[in-house]
Amino acid sequence: MMDSYKIVGGARLAGSIDIRGSKNTALAVMSGVLLAHGVTTLRNVPDLSDTRAKAKLLRQFGATVDWEGDILTIDCSTLRADSADEATVRSIRTSFYMLGPLLARTGHVELPSPGGCKIGARPVDFHLKGLEKLGATISLDGGVYHARADRLKGAEIYLDFPSAGATQHLMTTAALAEGITVIDNAAMEPEVTSLGYFLNALGARVEGAGTSKITIQGVPRLNGAEFFIPADRMQAGTYLLGAAITQGDITVQGVLPEHQTALLKKLSEAGATVTEGHDWVRVQVTDRLSAIKVMTMPHPGFPTDMQQPMSAVLAVADGTSLVEETIYENRIGHIQELNRMGAHIRVEGRTAVIAGVKRLQGTSVEASDLRAGAALVLAGLAADGVTVVNRIDHIARGYQNFCENLASLGASISRVPAKSGAEETI
Ligand code: EPU
């Protein structure tokens, strides 16, 4: 049994919240750090189960990792690339993104195949094809990847789809390859841009990160650096959706509004008032929102990670919304649970047809993955009565102090420890 959240719905959320570092940037940087001889200091690192798992993997690969508050100090001077345990590797998808940088440093890697949220097949074929172009020989034997490369060499790589993970993995690996690598149809997610800044801080020569064509001039050696992890646009977006679903008024601080453009445009289309400054965004809602159409797209389109929380908001909007998921084939774990709370959602192909209802009713629901969990918490905030969200270990992957932050905005939410059945009211 895992802990649960108990939410008494109906409170209007209002106030301001500081957003900590981005999970997905931190995870990418914590692969890139493997390239560096010497000590790297990362600031504003989010304390999440995924980043904890990644730190554990770094230690298993021989790095020295010191974690104090939100500062991580990592020394990758000596590495062993065949020593990670399968359970930790399988707990996160980005364990696989360590393969390339480990190979660049050690020439030989053994790595169990990865895991992550169950939202689709999530193959790694683009990664494998790209790494092979860079000169790696990779085989999968008994669930373990065996990779070798005497010397990685720059290559021209075209991605069939602008995969965030493949772009990050290949640009990181290419940083230590001999010669020039060009990645075409690269992902343009802000986390890719941030990774480019980080690699360059280590001494790499990456150009174009954040555009669809990235050029990497390989260098023979990289050193440690200091780096600040920028704010998490998905945590920020989730709180803004909390304002939307409770007809509240929330300001997120420490963010880059240009990272939220698609979400903010869709919220204003639905009737929210959005204002922004250079590092903050405020969403105010006074009336019931109106139905809209949403289609997930690679950045700068509407982010798939906000699809499930946005669907919870649209479940109580006025009219019928259409939400099309184009990135993952199975990111629909929230729908059945929202329907148990009284939502009217049916799935047609890859589109959720959401007939807005006036009110949801609290009941006991289960998070199937990280963003489904966030969607159910949002739904609980707006539902009549008590909602219990189970399997909140999924939520701990990506939301730091979720319960405390929502409570500080006026939510009635508490964490119910699994064993005692007792409540820890915030
Ligand atoms: N894909 C392939 N082959 C590959 C790689 C990807 O077919 O080799 C497909 C995937 O199956 C998916 C699509 O390409 O259908 C996009 O996947 P992408 O590689 O962009 O996703 P990712 O790198 O695995 C990251 C985030 C996800 C986020 C996506 C999309 C991390 C750790 N994860 O995943 O975040 O949804 O990009 O932006 O950076 C989350 O935080 O909840 C989360 C799942």
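Ligands are counted one by one from 1 in listed order, and the atoms in each one are counted from 1 as well.
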May I ask you to check if ligand 1 and Phe161 share an N or O to N or O distance below 3.5 Å?
no

Near Lys23, which atoms of ligand 1 are under 4.0 Å from a heavy atom of that residue?
40 (C), 41 (O)

Nitrogen or oxygen of Asp125 less than 3.5 angstrom from that of ligand 1:
yes

Within ligand 1, which atoms have a heavy atom of Leu370 less than 4.0 Å away?
42 (O)

Is Arg331 close enough to touch ligand 1? Criterion: a residue heavy atom under 4.0 Å from a ligand atom.
yes

Can you list the atoms of ligand 1 that are under 4.0 Å from a heavy atom of Thr94?
32 (C)

Looking only at heavy atoms of Ala187, does any of them come nearer than 4.0 Å to an atom of ligand 1?
no

Tell me which part of Asp369 gets within contact of ligand 1: side chain, backbone, both or neither, using heavy atoms under 4.0 Å.
neither

May I ask you to list the atoms of ligand 1 that are less than 4.0 angstrom from any heavy atom of Gly165?
19 (O), 23 (O)

What about Arg371: any of its N or O atoms under 3.5 Å from an N or O on ligand 1?
yes

Return a yes/no value for Gln168: is any of its N or O atoms, backbone included, closer than 3.5 angstrom to an N or O of ligand 1?
no

Using only heavy-atom distances, determine whether the side chains of Thr238 and Tyr399 contain a donor-acceptor pair under 3.5 Å.
yes

Sub-4.0 Å atoms of ligand 1 with respect to non-hydrogen atoms of Tyr97:
22 (P), 23 (O), 24 (O)

Quick check on His127 - does any of its heavy atoms sit under 4.0 Å from an atom of ligand 1?
yes

